[in-house]
Amino acid sequence: MSDSKSFFLLDERIRRFIWTQGWDQLRPAQEAAIPLIVEADRDVIVAAATAAGKTEAAMLPALTHLLRREPADGLVVYVSPLKALINDQFGRLEALCADLDIPVWPWHGDIASSQKTRFLKAPRGVLLITPESLEALLVNRGHAIAGTLARLAYVVIDELHSFIGSERGKQLQSLMHRIDLALGRRVPRVGLSATLGDMNMAADFLRPGCGRGVAMVNSGRGAGEVKVIVKGYEEPFVPREGDARGPREPSTPAQVAQHMYGVLRGANNLVFPNSRREVERYTHLLNSLCKADGVPPEFWPHHGSLSKEIRTDTEAALKRTDGVATAICTNTLELGIDIGPVKSVAQVGPPSSVAGLRQRLGRSGRRKGEPAILRGYSIEDAVTVESDLDVRLRVSTVQLAAMVGLALEGWFEPPVTNGAHLSTLVQQLMSLIAQRGGVMAAEAYRDLCGPQAPFSGVGKADFAALLRHLASKDLIVQEEAGLLLHGGVGERIVNHYSFYAAFAAEEEYRLISGGRPLGTLPLSQALVAGQRILFAGRTWRVDEVAEKERTIYVTQTKGGAPPLFTGESGRVHTRVRQRMREILRGEVEPGFLDPTAARFVAEARRAYADLQLDQVVLVDSGAQVRLFTWLGDAANEAIVFLLLSRGLTATLAGPGIDIQKGEMSEQGIAAVLADLAGCEIPQPEQLLAGAANIDREKWDWALPDVMLRRSYASLRLDPNEASAWLAEHAKSAA
DNA sequence: GACCTGCTGCGGCGTG
């Protein structure tokens, strides 16, 4: 410690705590962050790899700052995306703060109201809170908020990257802004994050309009050794029996499970099969193998529909010291929660993003001297004369290889920061009315849409149109003096606790066995009594579906299929599609393929050459033609809407777009494309004129039509990339 | 053919 300058900036009592912990040095991120944070005079972003001591990097200097005052009655608000993270941090901070006489207050939906009342009586120390609970504080105690937060010295945002580009992130920006307005000063913001691709983007998120003033600590990822293999498996073609009903269960997952069983047993690992359904399938297959061998089960399921109890069991199994538990999971185990280092990570099929894959890989090889291990598994159908283009081009294997390759090179998708999230503007306006007991329209516009406000892109005319629209739905009313208040409908919505979250959630059935909650299933699931399902790694018989109570009663049984979960598929970035093409052209040679996966790539290259996809953009496949753009989904979807506007039926199809021929010939479609290439791309309100079903966010239903279309387009479409591609390639289609 | 996150106030009742 003697050579550390930052160590001596810390309060003496904190230095003593560090000594008693036996830390022999500060981590690089802490060393760099302490001098920037200790004066509480600027915004700071600390980006560092997982487990690099980011929380301490922020809290040690922040607590030092509080201790400089006598009495130490200052306040730090720490915002976390997860309740579990708040509980983790509470345990760690309490040990430190007990010696300092600084109270630490966890505050989220599971915390008793008596504890919250105690904080409100003497609001000092460290408040650990979720964005939703902060929203509730502003709605319900808005009149007193300036007093409660009077001594606020910092707002610390943990897992900053998880907020960027979402409704929840927009809400968080608005909450921070409203706190600054209530206090009449700029409260320093500290953002903690896993390494970010673009620090400037993150800075502009943390302090909209003033990103340049944010100080940065980027301590980078320790470039450890990574061992990678991608294994291919082929699902044989089996002709369908005449009396067979419904889709046949595939046989290949059992082989994949057999391989995993051989290489994963006896250690801690994470397996990511991309969906809750596949988590159920693989957990069941793997534990069946344990049973056949007469050994205790060591594979544990973890996903968002499982009850808290079952998830906690899995987390506890991973943390146990014997180290022989593997979790089969969705991205519930991608973020934050401390489960300790794992030996390896398995990825079944392409992940939803390279950024997610990188985060998953970061869970492995954290012990010194040990490499991170990634095993990719790719299952392809056998090729027959009837196989479609995706099978012939081995799209899933090529995409997995492309994404693994990009992750190894350190590339990952930048967050999508241009989403307008006007849904959240509706929420924030309603919340502001509650906080202040009514607002004037001009005041609301200035505070939500003004120069450094979260919705600064919204014009005055649009805001006025929004107000009129909200009034027509009785969400708000305007008094004669001009004051905006809640309408009857608005009153009811704001007074229910479901108001505080900025994001929408699916309605779900509870699953109960013998009085024990197992978890939830989406409402769209069609289930009848007598049916058998896989859930929580076991097989159950449905005894009763109680519609009114939204509850499914089950008992344990043998044999059953994994349940269906519904949803949309992930969005692929253009860089991934470009890399896929580089692999297909032979410009990039993935060096991590097993013989079967290498054969898949060889077959894909042959198909790519046979179809002449280097020159051809339109491929006839019977009732439809595939337009190969090799663009990301945002550009492809913009082209889809352009085609729809010309009366064609088009849908996203992996690296391209499927266009129904209908009355038209391939030449006719090519002519439409050539024509589109010469036209200017219309504004989103025209491009999406005929589009139905574009509600995506929680309060989208309350937006005027034009604003809804604009909000959807800002979030999902890249018209510029689409138009650039059309200008360059659509002529060659003809 | 995807995944994840979150939630108050208050009345009524029983117990120490």
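Order of the sequence lines sets the chain letters (A, B, ...), proteins ahead of strands, with each chain counted from 1.
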J.: Mind checking what makes salt bridge (charged side-chain N to carboxylate O under 4.0 Å, His left out) contact with A:R189, not counting sequence neighbours?
T.: A:D180
J.: Sort me out a list of protein N/O and nucleotides 14-16 of chain B N/O pairs below 3.5 Å, or just none if empty.
T.:
none

J.: Taking only nitrogen or oxygen atoms into account, show me every contact under 3.5 Å that the protein makes with nucleotides 5-12 of chain B, one pair per line with its distance.
T.:
from	atom 1	to	atom 2	distance (Å)
B:dT5	OP1	A:R311	NH1	2.7
B:dT5	O3'	A:P81	O	3.4
B:dT5	O2	A:R168	NH1	3.4
B:dG6	OP1	A:K83	N	2.5
B:dG6	O3'	A:T130	OG1	3.4
B:dC7	OP1	A:G109	N	2.8
B:dC7	OP1	A:T130	OG1	2.9
B:dC7	OP1	A:S133	OG	3.0
B:dC7	OP2	A:G109	N	3.2
B:dC7	O2	A:Y497	O	2.3
B:dC7	O2	A:S498	N	3.2
B:dT8	OP1	A:S133	OG	3.4
B:dT8	O4'	A:Y500	OH	3.3
B:dT8	O3'	A:N140	ND2	3.0
B:dG9	OP1	A:R141	NH2	3.1

J.: With sequence neighbours left out, what residues match A:F455 under ring pair (Phe, Tyr, Trp, His ring centres under 6.0 Å)?
T.: none
J.: Rounding to a whole Å, what distance do you find between A:R281:CZ and B:dG1:C1'?
T.: 13 Å
J.: Using salt bridge (charged side-chain N to carboxylate O under 4.0 Å, His left out) as the criterion, list what pairs up with A:E315, not counting sequence neighbours.
T.: none
J.: With A:H573, which residues qualify under ring pair (Phe, Tyr, Trp, His ring centres under 6.0 Å), at least two apart?
T.: A:W411
J.: My understanding is that only residues two or more places apart in sequence, or in another chain, count here; which of them pass side-chain hydrogen bond (donor to acceptor under 3.5 Å, both in side chains) with A:T314?
T.: none
J.: Figure out the CZ/P separation between A:R276 and B:dG1, and round it to whole Å.
T.: 14 Å
J.: Salt bridge (charged side-chain N to carboxylate O under 4.0 Å, His left out) with A:E234: which residues, sequence neighbours excluded?
T.: A:R394, A:R599
J.: List the residues meeting ring pair (Phe, Tyr, Trp, His ring centres under 6.0 Å) with A:F499, not counting sequence neighbours, and say none if there are none.
T.: A:W699
J.: Hey, is A:R281 close enough to A:E278 for a salt bridge, meaning N to O under 4.0 Å?
T.: yes
